[in-house]
Amino acid sequence: MEAETMTRPAVLILLGPPGAGKGTQARMLEERFGLVQLSTGDLLRAAVAAGTDAGQRAKAVMEAGGLVSDEIVLAILKDRLAEPDVAKGVILDGFPRTEGQAAALDDLLESTGQKVNAAVSLEVDDAAMVDRVAGRYTCAACGEGYHDSFKQPAVAGTCDKCGGTEMKRRADDNRETVGSRLAAYHEQTAPLIGYYDARGVLSRVDAMGEIGAIAQSLQDIVAAATR
Ligand code: AMP
């Protein structure tokens, strides 16, 4: 599908607990609107894998399912936002996660004459998230997502999309850590729903249904917010 034309850089935020489908939906919006998905979780995992100073400081917190400090996350995000490919706009997946991060993002955008166009809260049933997250894995080559119970590739171990044969699982996608991650979401991130509601940019989407229907709701929101 052809990317839709947008007049100014768009900043979209996806809020929701682990397993709500932020990454999946962000990838679909990326294709549709030509935006760049920016996941602070991915950036942090890359920093851990590269053994950078920030990565070494973040590793234990991530393994325990807690939140990495605002200072580290903001530094990583600012570096990424300075790269040229994000000029058309970004879908923030997993950021902001605290009020401090949300306020810092507002300041950062204000300095460049931008603002948050839309924040979407993906609303899900917490109890279902543990099963969703604990069974998920992705193709190491293209990032296509799979699940032990809900979505297996047609040929076991081979990616339907690109034919890759290496699959990977996140170290923190296990039942124990998901509990901590859900708690961190409710304590520190869920208050951002009110933060963006007060600014008039919040939408809520029931994210327990079929992926295509959720994607359609999100596309409508993004199209309206960036018109
Ligand atoms: P995610 O891939 O979004 O599920 O993030 C994986 C882990 O990275 C989280 O459980 C946190 O430990 C850390 N993380 C990702 N994004 C943030 C953020 N914006 N603020 C703090 N910690 C984060």
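Ligands are counted one by one from 1 in listed order, and the atoms in each one are counted from 1 as well. One-based numbering along the sequence shown.
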Peer 1: Determine whether any heavy atom of Lys22 lies closer than 4.0 Å to an atom of ligand 1.
Peer 2: no

Peer 1: I'd like to know if Arg175 and Asp131 make a salt bridge, using a cut-off of under 4.0 Å between side-chain N and carboxylate O.
Peer 2: yes

Peer 1: Could you check if a side-chain atom of Glu83 sits within less than 4.5 angstrom of a side-chain atom of Leu38, using non-hydrogen atoms only?
Peer 2: no

Peer 1: So, is Gly94 polar-close to ligand 1, with some N/O to N/O distance under 3.5 Å?
Peer 2: yes

Peer 1: Check Arg132 with Asp173, please: is the shortest side-chain N to carboxylate O separation under 4.0 Å?
Peer 2: no

Peer 1: Hey, are Asp172 and Thr177 close enough side-chain-wise for a donor-acceptor pair under 3.5 Å?
Peer 2: no

Peer 1: Against heavy atoms of Gly66, which atoms of ligand 1 measure under 4.0 Å?
Peer 2: 10 (O), 11 (C), 12 (O)

Peer 1: Within a distance under 4.0 Å of any heavy atom of Asp172, pick out the atoms of ligand 1 and give their elements.
Peer 2: 6 (C)

Peer 1: If you take the nearest heavy atom of each of Glu63, Arg170, Arg181, Arg97, which one is closest to atom 9 (C) of ligand 1?
Peer 2: Arg97

Peer 1: Taking 4.0 angstrom as the limit, do Arg27 and Glu144 come out as a salt bridge?
Peer 2: yes

Peer 1: Is any N or O atom of Asp93, backbone or side chain, closer than 3.5 Å to an N or O atom of ligand 1?
Peer 2: no

Peer 1: Looking only at heavy atoms of Ser39, does any of them come nearer than 4.0 Å to an atom of ligand 1?
Peer 2: no

Peer 1: Between Glu63 and Arg170, does any side-chain N to carboxylate O distance fall below 4.0 Å?
Peer 2: no

Peer 1: List ligand 1 atoms under 4.0 Å from Gln101, heavy atoms only on the residue side.
Peer 2: 18 (C), 19 (N), 20 (N), 21 (C)

Peer 1: Under 4.0 Å from a heavy atom of Leu44: which atoms of ligand 1 are those, numbered in the order shown and with their elements?
Peer 2: 8 (O), 13 (C), 14 (N), 15 (C), 23 (C)

Peer 1: For atom 8 (O) of ligand 1, what is the nearest protein heavy atom, given as residue, atom name and distance?
Peer 2: Met62 CE, 3.5 Å

Peer 1: May I ask which of Thr40, Leu92, Val68 has a heavy atom nearer to atom 21 (C) of ligand 1 than the others do?
Peer 2: Val68

Peer 1: Between Phe95 and Arg97, is there a cation-pi geometry (under 6.0 Å to ring centre, at most 45° from the normal)?
Peer 2: no

Peer 1: Taking Asp148 first and then Arg136, would you say they form a salt bridge - that is, a charged N and a carboxylate O separated by under 4.0 Å?
Peer 2: no

